[in-house]
2 protein chains.
Amino acid sequence: MVYTGLYDFMRLQRQAPDPLYLQIKDGLIAAIRAGDFAPNERLPSERELSEQYDVSRMTVRQALLSLVRDGVIYTRVGKGTFVAAPKIDQQLRTLTGFSQDVQARGGRPSSRVLDADVVNAAPEVAAALRITPQSEVIRLVRLRLSDDLPLAVEKAYLPFVRFPGLLTHDFAVESLYAVLEHDYGLALTQAEQVLEAVVADAEEVRLLELTAPAAVMRMQRLTVDSDGEPVEYVLSSYRGDRYKFRFALQAGR
Amino acid sequence: MVYTGLYDFMRLQRQAPDPLYLQIKDGLIAAIRAGDFAPNERLPSERELSEQYDVSRMTVRQALLSLVRDGVIYTRVGKGTFVAAPKIDQQLRTLTGFSQDVQARGGRPSSRVLDADVVNAAPEVAAALRITPQSEVIRLVRLRLSDDLPLAVEKAYLPFVRFPGLLTHDFAVESLYAVLEHDYGLALTQAEQVLEAVVADAEEVRLLELTAPAAVMRMQRLTVDSDGEPVEYVLSSYRGDRYKFRFALQAGR
DNA sequence: CGTATAGACCGGTATAGACCATTTTGTGCT
DNA sequence: AGCACAAAATGGTCTATACCGGTCTATACG
């Protein structure tokens, strides 16, 4: 067991090459972004692509199906595969994190990192992220401010194996969502939230500079990627007097 | 071209059978819903399922991948395929009134009408409903209970001119949404909500049988009909310790 | 000239088999 | 009893092939 640490180190450094279908997917994305294919233009057929990349047609299909899921392309039986029209509002395709949220309200967001480390997952966290209990998770605890006034305490948990180099970023400056999107190519589009009103506990009173008794809104959010895989589990406490949660409801289509 | 209509008719009548993988998918969904598999319980392995359904493993995988995309199941290499925790999404994305909401959580909803009258609209109410200030509005104040325990105080305001006979109903028994739907033919499909955590005031402490200090979630909701016309403006106060707001967020498309 | 129709091409579905990395289980040794 | 290691089981990836029904086009027919 002498080399376990070293092995883990190497395993993390030299990450395994992506599977073929992901390489093909990335190649097609790059080609589309480079303008090789205009919106609504036909891509080479699956059989042609399988020749070009020298893989079986099924492997090409796996790449294409993934792109369809991400909304990059669409298919028509008998006609071909086409580049999807670019989204009108690209920012709205991502879920808004704290920074964008505050900005949208006209505030100036800032953050103070209280904790940024790797810990063993508590049972609740492991269950939410659907990882084995006690496995390593990144813990990122931040105090969130709007115009230099404390607004929320936010504890984010992410599976370490998936984002080994995440903590090299300075999250007092960078947005977690932005890093996940740009460095890991994740499109965060779905989340489940639970909101609850409680009387602030001692820690919340101290960090949010409240005077007891005060009310806080506790939020728990589970964000999943386009494959439905849990990406982050966030526990937040918002000052009740400075934060209102607005959203629109719409009945089942 | 004489028989085109007949051909279309037959084509619609005799719809093609679903592909195998969709049949398998539906079968698994039915089994899960029927309770054959509890949340986080392991499903039969892909190889077992391919024997049971007498199809190839790839076909089973196609069904399973589709279920993963839908968030119904999740997979873990080397371990198996598991039923996902039930989605909040389903019913709660639709616009529900208090009664349906409580029922969906397994509770027995009831109501006590505290006020049911016609008053002149306060400025805030008039602005929300987009009617002229001081015009008449129906005010319906109800204490909402789940299993006979106070859960919320709800003040609903509706424009009187639009629902003159509304107060002939007994809203201790009938659901406001049901009456609006059946008697006025309204399909309530859109609403805007604002949530806020506050320390309960004296009235809330008394009505909700709280012991101060306690936290309540104040909600204001503006419901509009399919024409975008405001229908009701509701101010609610939910006991923080008995009510959690769950909902799904989805970006883009 | 218009129009059927055959054939080529397209994505969608399905098969059978192979190998991989991860995880659990079982076995046999100390 | 405890532990190391092999074996079994699992989902993930990939190949090669086949057939289906929808779509388009060129060609032959009336």
Side-chain angles (χ1 to χ4, degrees), chain A residues 1-4 7-8 10-12 14-26 28 41-69 73-84 126 130-135 159 161-162 227-229, chain B residues 1-4 7-8 10-11 14-26 28 41-69 73-84:
Chain A
M1 286 297 99
V2 179
Y3 292 108
T4 302
Y7 171 72
D8 285 347
M10 290 180 60
R11 186 166 57 87
L12 294 175
R14 183 204 71 76
Q15 49 187 349
D18 278 342
L20 282 179
Y21 78 93
L22 283 184
Q23 296 178 34
I24 295 170
K25 176 183 176 182
D26 290 342
L28 290 174
E41 186 179 336
R42 228 200 90 203
L43 291 178
S45 76
E46 297 177 352
R47 289 163 181 87
E48 285 170 358
L49 286 173
S50 85
E51 273 199 19
Q52 288 179 24
Y53 285 98
D54 194 30
V55 298
S56 82
R57 190 183 151 210
M58 289 302 291
T59 302
V60 168
R61 273 185 66 77
Q62 209 169 344
L64 293 180
L65 283 174
S66 178
L67 287 171
V68 169
R69 271 204 329 259
I73 61 175
Y74 61 93
T75 59
R76 290 291 174 267
V77 176
K79 304 184 74 170
T81 303
F82 304 85
V83 177
R130 295 203 287 259
I131 57 179
T132 58
Q134 295 290 323
S135 61
V161 287
R162 211 167 156 197
D227 293 327
E229 198 68 18
Chain B
M1 284 298 99
V2 180
Y3 292 108
T4 301
Y7 170 73
D8 286 347
M10 289 179 61
R11 189 165 56 87
R14 183 203 71 76
Q15 54 186 345
D18 276 343
L20 282 178
Y21 79 94
L22 283 184
Q23 296 179 35
I24 294 171
K25 177 182 176 181
D26 290 342
L28 289 174
E41 185 179 339
R42 227 200 91 202
L43 292 178
S45 74
E46 297 177 351
R47 289 164 180 85
E48 286 170 0
L49 286 173
S50 85
E51 275 200 18
Q52 289 180 24
Y53 285 97
D54 194 30
V55 297
S56 80
R57 191 182 149 213
M58 289 302 292
T59 302
V60 168
R61 273 184 67 75
Q62 209 170 346
L64 293 179
L65 284 174
S66 177
L67 288 171
V68 168
R69 278 205 320 264
I73 61 175
Y74 61 94
T75 59
R76 288 292 174 266
V77 177
K79 303 180 82 169
T81 303
F82 304 85
V83 177

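Chain letters run A, B, ... following the sequence lines, proteins first and then strands; every chain starts at 1.
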| task | Please round to the nearest 0.5 Å and tell me the distance separating atom CZ of B/Arg47 and atom CZ of B/Arg61. | result |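 Between atom CZ of B/Arg47 and atom CZ of B/Arg61 there are 9.5 Å.
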| said: Rounded at 0.5 Å granularity, tell me how far CD in A/Glu46 sits from CG in A/Leu65. | reply: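 Atom-to-atom, A/Glu46:CD and A/Leu65:CG are 7.5 Å apart.
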| said: Does B/Arg57 reach a base, just sugar-phosphate, or nothing at all? Heavy atoms under 4.0 Å. | reply: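 Here B/Arg57 touches the bases of the nucleic acid.
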| message | Just to be sure I understand the rule, does A/Leu64 reach a base, reach only the sugar-phosphate, or reach nothing, if contact means heavy atoms closer than 4.0 Å? | response |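 It contacts nothing in the nucleic acid.
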Would you mind reading off the distance between [X] atom [atom1] and [N] atom [atom2], rounded to a whole angstrom?
{"X": "B/Ile73", "N": "D/dT10", "atom1": "CD1", "atom2": "C1'", "answer": "14 Å"}
{"X": "A/Met58", "N": "D/dG12", "atom1": "CE", "atom2": "P", "answer": "15 Å"}
{"X": "A/Asp18", "N": "C/dA21", "atom1": "CG", "atom2": "C1'", "answer": "15 Å"}
{"X": "B/Lys25", "N": "C/dT13", "atom1": "NZ", "atom2": "P", "answer": "11 Å"}
{"X": "B/Leu67", "N": "D/dG11", "atom1": "CG", "atom2": "C1'", "answer": "15 Å"}
{"X": "B/Arg76", "N": "D/dA9", "atom1": "CZ", "atom2": "C1'", "answer": "17 Å"}
{"X": "A/Ile24", "N": "D/dC14", "atom1": "CD1", "atom2": "C1'", "answer": "10 Å"}
{"X": "A/Leu65", "N": "C/dG12", "atom1": "CG", "atom2": "P", "answer": "7 Å"}

So, OP1 or OP2 of [N]: does either fall under 4.0 Å of a side-chain N or O from [X]?
{"X": "A/Ser56", "N": "D/dT17", "result": "no"}
{"X": "A/Tyr21", "N": "D/dT13", "result": "yes"}
{"X": "B/Lys79", "N": "C/dT22", "result": "no"}
{"X": "A/Thr75", "N": "C/dG11", "result": "no"}

| Validation row: A/Ile24, A/Thr59 side chains within 4.5 angstrom (heavy atoms) |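 Yes - at least one pair of side-chain heavy atoms lies under 4.5 Å apart.
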| Any B/Lys79 side-chain heavy atom under 4.5 Å of A/Thr132 side chain |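 Yes, side chains in contact.
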| Looking at residues at least two apart in the chain, or sitting in another chain, which of them share a side chain to side chain contact (heavy atoms under 4.5 Å, CB included) with B/Pro19? |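 So B/Pro19 forms a side chain to side chain contact (heavy atoms under 4.5 Å, CB included) with B/Tyr21, B/Leu22.
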| In this structure, which one of A/Ile73, A/Leu67, A/Thr81 forms a side-chain contact (heavy atoms from CB on, under 4.5 Å) with A/Leu28? |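 Exactly one option meets the side-chain contact (heavy atoms from CB on, under 4.5 Å) with A/Leu28, and it is A/Leu67.
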| Of residues 43-52 of chain B, the positions that come close to DNA chain C - non-hydrogen atoms, cut-off under 4.0 Å |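 Hits under 4.0 Å, by residue number: none.
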Which nucleotide, [options], lies nearest any side-chain atom of [X]?
{"X": "B/Arg61", "options": "D/dG21, D/dG11, C/dA16", "answer": "D/dG11"}
{"X": "A/Pro19", "options": "D/dG11, C/dT13, D/dC14", "answer": "D/dC14"}
{"X": "A/Thr59", "options": "D/dG11, D/dC14, C/dG11", "answer": "D/dC14"}

| said: Holding to side chain to side chain donor-acceptor pair (under 3.5 Å), I want the full list of residues that pass it with A/Glu229, two or more places apart in sequence or in another chain. | reply: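 For A/Glu229 the side chain to side chain donor-acceptor pair (under 3.5 Å) partners, ignoring immediate neighbours, are B/Arg76.
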